[in-house]
Each structure stands twice: as structure tokens, then as C-alpha cells.
Protein chains: 2
Amino acid sequence: MTDNADGALNAPLNTLYPVLTALPAAASLRLQQHAQVVSVPAGAVVFDELQACQGFPFVLSGSLRVVKAAPNGRELPLYRVTPGETCIISSACLLGHAPYNARGIAETETRLLLLPNADFQALLGEAAFRDFIFQLFSERIADLMQLIEEVAFRKLDQRLAALLLGKGQRLHVTHQQLADELGSVREIVSRLLKGFAEQGLVALSREQVDILNPAGLRRVASN
Amino acid sequence: MTDNADGALNAPLNTLYPVLTALPAAASLRLQQHAQVVSVPAGAVVFDELQACQGFPFVLSGSLRVVKAAPNGRELPLYRVTPGETCIISSACLLGHAPYNARGIAETETRLLLLPNADFQALLGEAAFRDFIFQLFSERIADLMQLIEEVAFRKLDQRLAALLLGKGQRLHVTHQQLADELGSVREIVSRLLKGFAEQGLVALSREQVDILNPAGLRRVASN
DNA sequence: AGGCGTCTGTAACCTTGGTTACACAGCCTG
DNA sequence: CAGGCTGTGTAACCAAGGTTACAGACGCCT
């Protein structure tokens, strides 16, 4: 399941994370020697709440879904990490020497390059890499603020309408998947979708939602 | 209301933000020349949603309350910035060249040292300062994760119980202030407090809450 | 065709928390 | 002392969303 990163790795890694091409030779060598490629199957929990952060993950393929887990088993998605991005929570935990406060799940079969703590800290000594992390930090912060706004102030119909928009005219998705995305339950999503359909905003069929009236949905999303 | 930072400023600033003592002379000079001291009265809005971020604030005295404002006028407190701390949202907005996505309010009469954008970016060139910001970033992230957990999953009685704990045995506070802290309304807090009182967890009087049974409150907070 | 698993529809009911609308108490001040 | 302000108590009502419990639909596999 795991093996040392070798030379053959560099091409895709550097393509996905261009900032790494600017590294001095010593840092680059260290990365090659200490980073490990890990393959995890879809659905695997890569890290979890209260767990110590073992290393910094670069996503080579697939994607991570980072969620906050409720005591009752429900999950609120916080953000996703796709190839070329980084996980703000991992950075924060490594920098603050704190345990994880969220759960990371492989959405599909996913290949990660895991960089041990010490080597991550060393990499931060490189200005280019540090700026790269900083940049992603600030983007994620904005996302999290948006999320706080949504869960604290928005009603579910607004959030659902917003979720449906901007993914094309026809969505192939189950009600359960939409509910998961909102941190809600299937019945409520069905109820709301039925309401949308009655208003002529969408048309429903099995595992499919057709957007009939995007403007109307936008109105619902932001009323 | 504002005046240029002069030599007399350095002592308190350096005491509050020890990282600044390590700056090279050039950076230190730049700070002195470009930073402005601003005094704002209690309740003043220092920055607000969608507003461009004008500069990076160091808090010299007083404190900032950073909140997310709901369309209906209610506010959810995100965190506070006290002297010696920094505002993660300001950093994120400056780094990401994005507008503010929250509101900052002076809790009391507050003195700020405002560092213009360009000078903040320049300061980030100093490793010590960058690490300082990074460290606070990660602490705040943990706070925000905690907040998301609370608003998404915790019931109000749990949050209220948690809020009452750890502030000593006798709190001098109005129900309205507690409600504001939770992003809720006075009536609900009164109702919940009455419940707590009936269970013998607290005793109520005007502008005062006495904690009678901390263990019981902890149980409520985490059931 | 028969049977199973997944997805959807839907109704009844419940809990939480917010809204509205008062009453009253304590206190300060003219 | 009167009048006003702030803080508290409380009840009736309401809306949102979650829970429980089914029924039926669709597709697939044997």
C-alpha cells in the first residue's frame, strides 16, 4: 500500500504543485527521501478528530472530503482537497501541534504523498512554499466563513437552491447525496425538492434533477 | 483621532508584540513611518463585510469583537482580538486580496496600530513575523472549527451551559449579553436559565448568575 | 417472471428555537 | 414621590427541520 517516493514521482507532483519545482536541491532531495506515497480506497478515513497529525498530505489523485462529524453520526462537509490543493486543517494542526479537529475521508480511490511533520516544518523554511501555503490558508478561511454564514443564518431551502446552481442544467445525484452535502437528511431534501418542482423551478426523476428556472432558484437562494 | 507612530509608541508595541523586537532596522523604521495609531470609541465598526481591507491592525489597547452579521440584524461572535493578538480575517483578506467577510467592532474604547497593506506584505518577508502570523492562524482555525461544531450540532442549552462555565462562580452579566454571545435572543436564554435554576444548577438575580453545580452544568454542556 | 436492493414520496408527529406581547420589579433621577 | 429606563418572567403562538414509519417505483439479476 505504501512505498517511498522515487524519481518517477516527481513529474506528476511538480505538475500538480508547481511551487515544488522552485525548491533548492537539498529540500527537493529531502522530499524525495522522506515522503511516502499512500493509496487509500474510496471511503477510507484518512484522518479523524482528536487524532495526532502524522504528516502533511499532498493529493496526487482522487480527492479528500473533510467533514465535521456530529455525535449522532451525521456529517457536515467543510471542504474538499483535490490534486494541487492542500488541507488547511492539516497545516493548522502541524503548526499548532494540535490534534485534528475534523475528519478526512477519501471520496474516491486516492493517492496521497505524505510528508512527515519535521519535513513539513523544514519545507516551510522555503519562502516560496510558505507563501503557497499562506495563499491557500486565506482562501480556505473565506470558505469557512461562508460555511459559518450558511449553517448559522441560511434556511435549508436557500442552501439547497444554492447547491443545485452552477453545476449545469442536469444533475445526476440522489436526494441522499444532496442531503449529505448539506448535513441534513433525505426526507427534508425530498420535501424541499418537491416544493421546488411545484414552483416549476426543477423537474425531478430518478437520480436526476433538471434545472428549469435558474433565475428562480437564485431568487430562492438569496431571498 | 490619528497620528503617526512615533518613537514613544515602540515600548508598548514591542511589549505586546515581542516578535517585532526581532525586526531588522529597516523593517522597524518602515513600521514607524507608515503605521498609524487610530483610536476608536466603544461600539465603533472598525471594518465590515464586503469592505476592502485597508490595513493590518495591531491592537494596542481595548479589544475587537469580530462577528458574522445575519441579514436580520443578529450577530454571531466569531472571536475576539485583544492586545498582542492579530485578526485572522484581516490577514486572510490582505493575503488573498479579498474583501472582508465579517464585521469588526470595538468592544471598548480601542487603540489600533494600522499597518498599510504594502507594509504588511513587506513585513511578511521577515521570517519571524511570518511564523508569528502562521501560529495565530492555526490557533484561530481551531477556534473556528469549534464554532462550526457548536452552531451546527450543539443545542442552545448545551452552548449556554458551556458559556457559563469557566468564568468563576459568580457572573455579572445580563441575559441579553449571554444571548448576544450565543447569537440567540434574550427570551430563549431566560427560558433556559430558568430551567437550569429549577434543576438547582444556578441561582438567578438581577444581572447576576451564580453557579451552584458546575458538574451538573458540565453534564448538560456535553450530553 | 420473480425477487431484491436502491431510490423516492409522503404523512404524522415532535423538538427546538424564534416571535410577539405583555406584566412587573428594581433603580435612578428630576 | 412620579415617571422612565433597564432587566426579567412568562405565555401563546409559529416555523423549520428532524424522526418515524410506511408504500410504491424502478432497475437489475437470476
5' priority, DNA chain C, between A/R206 and B/D157 [closest heavy atom]: A/R206
Tell me the interatomic distance from A/R154, atom CZ, to D/dA16, atom P, rounded to whole angstroms. 15 Å
Between D/dG9, C/dG17, D/dT6, which nucleotide gets closest to the side-chain atoms of B/L156? C/dG17
Does A/K194 put a side-chain nitrogen or oxygen below 4.0 Å from OP1 or OP2 of C/dT10? yes
Please determine if a side-chain N or O atom of B/H175 lies less than 4.0 Å away from the OP1 or OP2 oxygen of D/dG9. yes
Per A/R191 side chain, nearest of listed nucleotides C/dA12, C/dT19, D/dG9: C/dA12
How many Å lie between NE2 on A/H172 and C1' on D/dC26, as a whole number? 16 Å
Under 4.0 Å between a Lys/Arg side-chain N and an Asp/Glu carboxylate O for B/E181 and B/R186? no
Check this one for me: any side-chain N or O of A/R74 less than 4.0 Å away from OP1 or OP2 of D/dT19? yes
Just the rounded figure in Å: distance from C1' of C/dT15 to CD1 of A/I188. 13 Å
side-chain contact (heavy atoms from CB on, under 4.5 Å) between A/I188 and A/V185, worked out: CA-CA 6 Å; A/I188 307 299; A/V185 297; 3.4 Å; yes
Taking A/Y17 for the side chain and A/G84 for the main chain, is one N or O donor matched with an acceptor at less than 3.5 Å? yes
Is it the case that B/D180 and B/Q176 place a side-chain donor and acceptor less than 3.5 Å from each other? yes
Can you check the A/Q176 CD to C/dG5 P distance for me, whole Å? 18 Å
For the side chain of A/S190, starting at C-beta, report the closest nucleotide among D/dG7, C/dG9, D/dG17. C/dG9
Quick note, B/E207 side chain, CB onward, closest among C/dT8, D/dG17, D/dG7 is D/dG7
Counting side-chain heavy atoms from C-beta on, which of C/dT8, D/dG18, C/dT10 comes nearest to A/T174? C/dT8
Which listed nucleotide (D/dG17, D/dT19, D/dT10) is nearest to the side chain of A/E187? D/dT19
Rounded to whole angstrom units, what separation is found between the CG atom of A/L171 and the P atom of C/dC7? 16 Å
Counting only distance, no hydrogens or angles, is the base of D/dG18 paired donor-acceptor with the side chain of A/R186 under 3.5 Å? no
Under 4.0 Å: is that the gap between some side-chain N or O of A/S184 and OP1 or OP2 of D/dG18? yes
Ring centres of B/F58 and B/F56 under 6.0 Å apart? yes
Rounded to the Å, how far apart are A/E75 CD and D/dG18 P? 15 Å
Separation of D/dA16 atom C1' from A/R159 atom CZ, nearest Å, is 13 Å
Would you kindly give the NZ-to-P distance between B/K155 and C/dG18, to the nearest whole Å? 13 Å
